[in-house]
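In what follows, every chain begins at residue 1, and chains take the letters A, B, ... in the order their sequences are listed. Heavy-atom basis, side chains included; hydrogens, waters and symmetry copies ignored.
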Amino acid sequence: AAGAAFDAMAAPAAGFVARDAAAPAPPAGRLHRVDLRVREVQREVAPGVRQKLWTFNGTAPGPVLRGRVGDTFEITLSNDGSVDHGVDFHAGALAPDVPMRPIDPGQRLTYRFTATRAGIWMYHCSTMPMLLHIGNGMYGAVIIDPPALPAVDREYVLVQSELYLGADGAIGDLAKMRAETPDAVVFNGYAAQYAHRPLTATAGDRVRVWVLNAGPSRTSAFHVVGAQFDTVYREGRWELRPSGPGAAQVLDLAPAAGGFVETVLPAPGTYPFVSHVMVDAERGARGAIRAG
Amino acid sequence: AAGAAFDAMAAPAAGFVARDAAAPAPPAGRLHRVDLRVREVQREVAPGVRQKLWTFNGTAPGPVLRGRVGDTFEITLSNDGSVDHGVDFHAGALAPDVPMRPIDPGQRLTYRFTATRAGIWMYHCSTMPMLLHIGNGMYGAVIIDPPALPAVDREYVLVQSELYLGADGAIGDLAKMRAETPDAVVFNGYAAQYAHRPLTATAGDRVRVWVLNAGPSRTSAFHVVGAQFDTVYREGRWELRPSGPGAAQVLDLAPAAGGFVETVLPAPGTYPFVSHVMVDAERGARGAIRAG
Amino acid sequence: AAGAAFDAMAAPAAGFVARDAAAPAPPAGRLHRVDLRVREVQREVAPGVRQKLWTFNGTAPGPVLRGRVGDTFEITLSNDGSVDHGVDFHAGALAPDVPMRPIDPGQRLTYRFTATRAGIWMYHCSTMPMLLHIGNGMYGAVIIDPPALPAVDREYVLVQSELYLGADGAIGDLAKMRAETPDAVVFNGYAAQYAHRPLTATAGDRVRVWVLNAGPSRTSAFHVVGAQFDTVYREGRWELRPSGPGAAQVLDLAPAAGGFVETVLPAPGTYPFVSHVMVDAERGARGAIRAG
Ligand SMILES: [Cu+2]
Ligand SMILES: [Cu+2]
Ligand SMILES: [Cu+2]
Ligand SMILES: [Cu+2]
Ligand SMILES: [Cu+2]
Ligand SMILES: [Cu+2]
Ligand code: NA
Ligand code: NA
Ligand code: NA
Ligand code: NA
Ligand code: NA
Ligand code: NA
Ligand SMILES: [Zn+2]
Ligand SMILES: [Zn+2]
Ligand SMILES: [Zn+2]
Ligand SMILES: [Zn+2]
Ligand SMILES: [Zn+2]
Ligand SMILES: [Zn+2]
Ligand SMILES: [Zn+2]
Ligand SMILES: [Zn+2]
Ligand SMILES: [Zn+2]
């Protein structure tokens, strides 16, 4: 079971469109109704490599949700897949027994939670083995803005995850997941997509990048080449503000941890980003921001 | 040398009693005399899997010690094992040459240290190769309360460690330790024991969980499903307090790091916990808190 | 391709001289001209093990640079090697396109950056595959002092990195780098050198140790046996000061992260240090401070 071939240096096809990494604005209103449909889909995850992913709403990661402290989310999960699935939202505090239970194919489930705490929170399938369900695509991010979060010029969201390739067109390889031998480590679901289709900005922009490490198992060490993070927010707290004399080169995130960094891009140019866990950068955990 | 078989989904026998995870109260008085006897014991570490562990006082982890800033610990180590052992307490600052030296089987050693700094501190055997001595069971925790630590409704201690299984009834497999290929990752010495015998609480309780990562080699990412950590204390400092708007989903701990988290369980139910390094959760780094 | 043999317990030859780990003083003046020559050299990296390293100025790590917030560095990179190389300084913020480009053997490149932010910053070769260029020796540290950094009695710099041994006298093994199976993990480029040639101090000294984790891929968990860190500075911010009641046992650093710790050595003796990722300590990530 060697899995699909993966060439970390290959370029995607000419028509390739990268996933939009722009952070969504918080929707108006304080109640957000979200339909999450579990769908099994064929997706390209690296140039020439297709896998059958288990997804929320057809993409891995699933949709990025956003709100403010005090907002309520009403989630309706519909299982249009072929095996049991469920969903666990770290953004809410509630007894998991009923809302996070696995549901059968064809079933649906609705529940509400109020997001009382700021941060970027993981959501993921709650069905065992979670290693497989997360590893096969069932993860996403919820952003709850810290109060008085300043506006910035550009705001992106990157979710890091690992790919353990099964045969072409098949689901991921559980044995590789158990051995922690990923074939690829990616941002927003596709190997090195933003190296080929850079994120955009303008020189002088203050850029905020939200990063969630969905794992399932690798630590992330997010770094932007040519930039320094004068602002770091990590797991619910401000660690650096621009007023201080220090800055950070890395935002380190264990699996299921998240935060954001900010930097002002000093001049026009292309600023690569990586997980500075270099073996993972090599496997696709890289991209770039192009400042015009 | 495939080692003992390990079935991560197996249940322990009906009579299985999980290790008591309740945090001990700080003892009265300011001088704490502690007898640590190195004992080689046969122990079940997962359902049906027995190993010969090297232990402090017969269990791995060894006893949880507790005190306040300024308390003195007088440790008497007796080596009732068959090879050299010693002990290194991170909770004290002192020249290691004499007190942490390896002692021969049959010997004993007494030394004192004063705990001048708060935190949850690792102790472990100090004899080389430490990878093997820690990997075979010789580790534990000392809690030194931060001044004015608030009382909570429930207080638990979880020590994460890895198991590299040798043959049934034999010591751990050093080659696996050197390859960092653990068979199991566990809290308080037994795979998934609190999944089968949950920790208990009452809905509305503020629960504090002290976590020490004994390693020897894996990072921990402690998470409680359905809960958010409004309080985080990590490696000697408060990182989050309930008064702030943020909270954390993960307490990440490198080997030999420790801290505590607090959460209020919002309703009756069963709240699973894991290391969100999912490959390790799969290998036994999971449990649950049941709130009545 | 088993690579060179490595005996983690072997002692270096009698005439072995460890790399000087003393932190350099910040040079006078506010403009620092630095010549970095890429040189391919044969070096011993562990007792009896020689590799062909790619280096900045003949050593791995390259020179430790130091300055103050606001200082300008003028870097002249000369490629005296046999393949393309470049250099990325995390200490500066600038568009990477021109200054960090790979240059051919025989070429040179000059650029300036102003260090506007405090911290210990990585520099490394910027040529792809960076996993190989960093893994084969092309990394170093720049210290930018936080304002009002107190004087201490001793100040050291340790750069952690991994060795993936190729054949004796050859470059490192890229396949091992891609499998993250290092043969050795080392401080300042040589396995366990300071275990055999301890750093020196005097009892009662306040010792500051700057640590940069160059990776390329492993997390570091820096710990000094017998000592507690009452001061921790990590990625641009103070995390602990001596005035507080807490202290830390571990400075955890993802690849490309850095900081410093301080401790007062309480009595004469030998204080071992390790990465408490024990599998890496076993592979050479250890040393000692001897206090007279
Ligand atoms: Cu699922
Ligand atoms: Cu870098
Ligand atoms: Cu021992
Ligand atoms: Cu989770
Ligand atoms: Cu290079
Ligand atoms: Cu230790
Ligand atoms: Na990517
Ligand atoms: Na700052
Ligand atoms: Na367990
Ligand atoms: Na808070
Ligand atoms: Na070393
Ligand atoms: Na302190
Ligand atoms: Zn699922
Ligand atoms: Zn079902
Ligand atoms: Zn960089
Ligand atoms: Zn021992
Ligand atoms: Zn002996
Ligand atoms: Zn969860
Ligand atoms: Zn190079
Ligand atoms: Zn060229
Ligand atoms: Zn220690």
A:Arg290, CZ atom: more than 12 neighbouring heavy atoms under 6.0 Å: no

Segment of C:Arg218 engaging chain A (4.5 angstrom heavy-atom cut-off): neither

Within the 6.0 Å centroid threshold, strictly below: A:Tyr123 and A:Tyr139: no

C:Val98: side chain to side chain contact (heavy atoms under 4.5 Å, CB included) partners, not counting sequence neighbours: C:Arg101

Option that, when pairs with chain A are counted at under 4.5 Å, heavy atom only, ranks first among C:Ala254, C:Pro99, C:Ser217: C:Ser217

Heavy-atom pair count under 4.5 Å with chain A, highest-scoring of C:Gly258, C:Pro96, C:Pro146, C:Gly92: C:Pro96

Results of ring pair (Phe, Tyr, Trp, His ring centres under 6.0 Å) for C:Phe73 - residues two or more places apart only: C:His32, C:Phe113

Heavy-atom contact with chain A under 4.5 Å, split by part of C:Leu174: neither

Top contributor to chain C contacts, counting heavy-atom pairs under 4.5 Å, from A:Glu282, A:Arg283, A:Gln249: A:Gln249

C:Glu162/C:Lys176 ion pair, N-O < 4.0 Å: no

Option in A:Gly269, A:Ala227, A:Ala291 with maximal non-hydrogen atom pairs under 4.5 Å from chain C: A:Gly269

Aromatic ring proximity, centroids under 6.0 angstrom, C:His133 and C:His124: no

Contact origin within C:Pro147 toward chain A - heavy atom pairs under 4.5 Å: side chain

Contact leader toward chain A among C:Gly259, C:Gly119, C:Ala91, where contacts are heavy-atom pairs under 4.5 Å: C:Ala91

Contact leader toward chain C among A:Thr263, A:Val264, A:Thr270, where contacts are heavy-atom pairs under 4.5 Å: A:Thr270

Output field: ring centroids A:Trp238/A:Phe260 closer than 6.0 Å: yes

